[in-house]
Amino acid sequence: MNNLLKGKRGIIFGALDQKSIAWKTALKAREQGASFTLTNAPIAIRMGAINDLAKACDAEVIAADATSIEDLTALFQQSMEVLGGKLDFVLHSIGMSPNVRKKKPYGDLNYEWFQKTLDISAISFHKVLQTAEKTDAMNEWGSVLGLSYIAAQRAYPDYSDMAQAKAVLESIARSYGQRFGRLKKVRVNTISQSPTVTTAGEGVGGFDVFLDYAEMMSPLGNASAEDCANYCVLMFSDLSRMVTMQNLMHDGGFSTSGITEELVEKLSKG
Ligand code: NAI
């Protein structure tokens, strides 16, 4: 299908390198006719490869720390100027936990870092939505997406305080979705993605095991970053216009599998 996003304008957060889900989404969105600005934290822009992506997508890069209302306000205003109008979609593809990064055990969390995890990975989603509302940046039927993980609902030992962050993220999608829907028919959802090989993903302890286990527990296998990018495009398009306040499972069937034949075979003793 072509031109699903023709004439649509947006902001894509979180493209660090070629592996990033946001990177793949930017390429797909461009392919489908969208125009957008790309943004990331200033340090990620310096260390990453976002300028290559910007060239490929004919997009402008605007630095913004997603925890700063000042940065976000400038980002939304500049994006509308650069793109020539209000926005139709926003992708929040942001996650970081200092406790995970520094391998703090869950029984010995650093609480300042815990606050940072929540601020960067969850509360920033509220800040993005609130700034979009206050700058009156969204067109009617616009679509705002965050990316989540099933650790919001179930315990995974090494996901640590990111599990709490994802639970808050999903809750914000419901609460803000209700508000923004009534105010301006703007849709707010989260996509709960399979484990994916990216910088953020690989930072989680035991990630390879996660990945293999999820692969075996998913009848369709793990959803790739590219699959996720396609789903994001669908969610930005008019084909999904009545979907809001949802946490959408994008996991090859993982979340509703009890056990699979593959795992039974692998674990059977006979
Ligand atoms: P990634 O490491 O490529 O992307 C994370 C992005 O967050 C980076 O671009 C980073 O610069 C940005 N970021 C961190 N702090 C920021 C700040 N203060 N302001 C603005 N941006 C900031 O990894 P990935 O996997 O593409 O992550 C994207 C989203 O997908 C995250 O929300 C992640 O939790 C989620 N997700 C990832 C899964 C995985 O296994 N990789 C599975 C399920 C969800």
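Everything numeric in this text was worked out from a predicted model, so none of it was measured. Along the sequence shown, residues are numbered consecutively beginning with 1. Counting starts at 1 for both ligands and their atoms, following the listed order.
Nearest non-hydrogen protein atom to atom 19 (N) of ligand 1 is A66 N, 3.0 Å. Annotation: atom 13 (N) of ligand 1 to nearest protein heavy atom, I94 CG2, 3.7 Å. Among all protein heavy atoms, the one lying closest to atom 26 (O) of ligand 1 is I21 N, 2.9 Å. Closest to atom 28 (C) of ligand 1 among all protein heavy atoms lies S93 OG, 3.0 Å. In terms of protein heavy atoms, atom 12 (C) of ligand 1 is closest to N40 OD1, 3.6 Å. Among protein heavy atoms, atom 3 (O) of ligand 1 sits closest to S20 OG, 2.6 Å. Closest protein heavy atom to atom 27 (O) of ligand 1: A200 CB, 4.0 Å. Here the protein heavy atom with the shortest distance to atom 24 (P) of ligand 1 is T198 OG1, 3.4 Å.
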(request) Determine, stepwise, if the pair D161 / T117 fulfils side-chain hydrogen bond (donor to acceptor under 3.5 Å, both in side chains). (result) CA-CA 7 Å; D161 56 357; T117 302; 2.9 Å; yes
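For the salt bridge (charged side-chain N to carboxylate O under 4.0 Å, His left out) criterion with E133, the lone passing option out of K184, K127, R182, R179 is R179.
Contact annotation: for I120 versus ligand 1, heavy atoms closer than 4.0 Å belong to the side chain alone. Under 4.0 angstrom from ligand 1, there are no non-hydrogen atoms of A225.
Note on V61: it clusters hydrophobically with W23, by side-chain heavy-atom contacts below 4.5 Å among ILVMFWY residues. When the side chains of ILVMFWY residues are joined at heavy-atom separations under 4.5 Å, either directly or via intervening members, F36 and V144 end up in two distinct hydrophobic clusters.
Among all heavy-atom pairs drawn from N40 and A15, the shortest one is ND2-O, 3.3 Å. Taking each heavy atom of C232 and T25 in turn, the nearest pair found is CB-CG2, 3.6 Å.
If you number the atoms of ligand 1 from 1 as listed, the ones under 4.0 Å from a heavy atom of T199 come out as 2 (O). Residue Q193 approaches ligand 1 through these ligand atoms, each under 4.0 Å from one of its heavy atoms: 42 (C), 43 (C). Atoms of ligand 1 lying under 4.0 Å from at least one heavy atom of A41, given by number and element, are 17 (C), 19 (N), 20 (C), 21 (N). Residue A44 approaches ligand 1 through these ligand atoms, each under 4.0 Å from one of its heavy atoms: 11 (O). Applying the 4.0 Å criterion to heavy atoms of P195 picks out, from ligand 1, the atoms 40 (O). Ligand-side atoms of ligand 1 in range of T196: 39 (C), 40 (O), 41 (N), range being under 4.0 angstrom from any heavy atom. The contact set between ligand 1 and D65, taken as ligand atoms under 4.0 Å from a residue heavy atom, comprises 17 (C), 18 (N), 19 (N). Taking every heavy atom of G14 and a limit of under 4.0 angstrom, the matching atoms of ligand 1 come to 4 (O), 6 (C), 8 (C), 9 (O).
The shortest side-chain heavy-atom distance between Q32 and S237 does not fall under the 4.5 Å cut-off.
Within the 4.0 Å heavy-atom cutoff, S124 does not count among the residues contacting ligand 1. By the 4.0 Å heavy-atom criterion, K166 is counted among the residues contacting ligand 1.
D65 and T67 form a side-chain donor-acceptor contact under 3.5 Å, judged by distance and modelled atom types alone. The closest side-chain donor-acceptor pair between Q78 and E60, if any, does not fall under 3.5 angstrom. Looking only at atom types and distance, the side chain of D17 has a donor-acceptor partner in the side chain of T199 under 3.5 Å away.
Checked against the 6.0 Å centroid criterion, the rings of Y149 and Y156 qualify as a close aromatic pair.
The nearest non-hydrogen atom to atom 36 (N) of ligand 1, considering only G95, A223, S148, comes from S148.
Side-chain atoms of K116 never come within 3.5 Å of backbone atoms of S121 as a donor-acceptor pair (strictly under, hydrogens ignored).
Atom-to-atom distance recorded for L109:CG and F114:CZ is 6.5 Å, nearest 0.5 angstrom.
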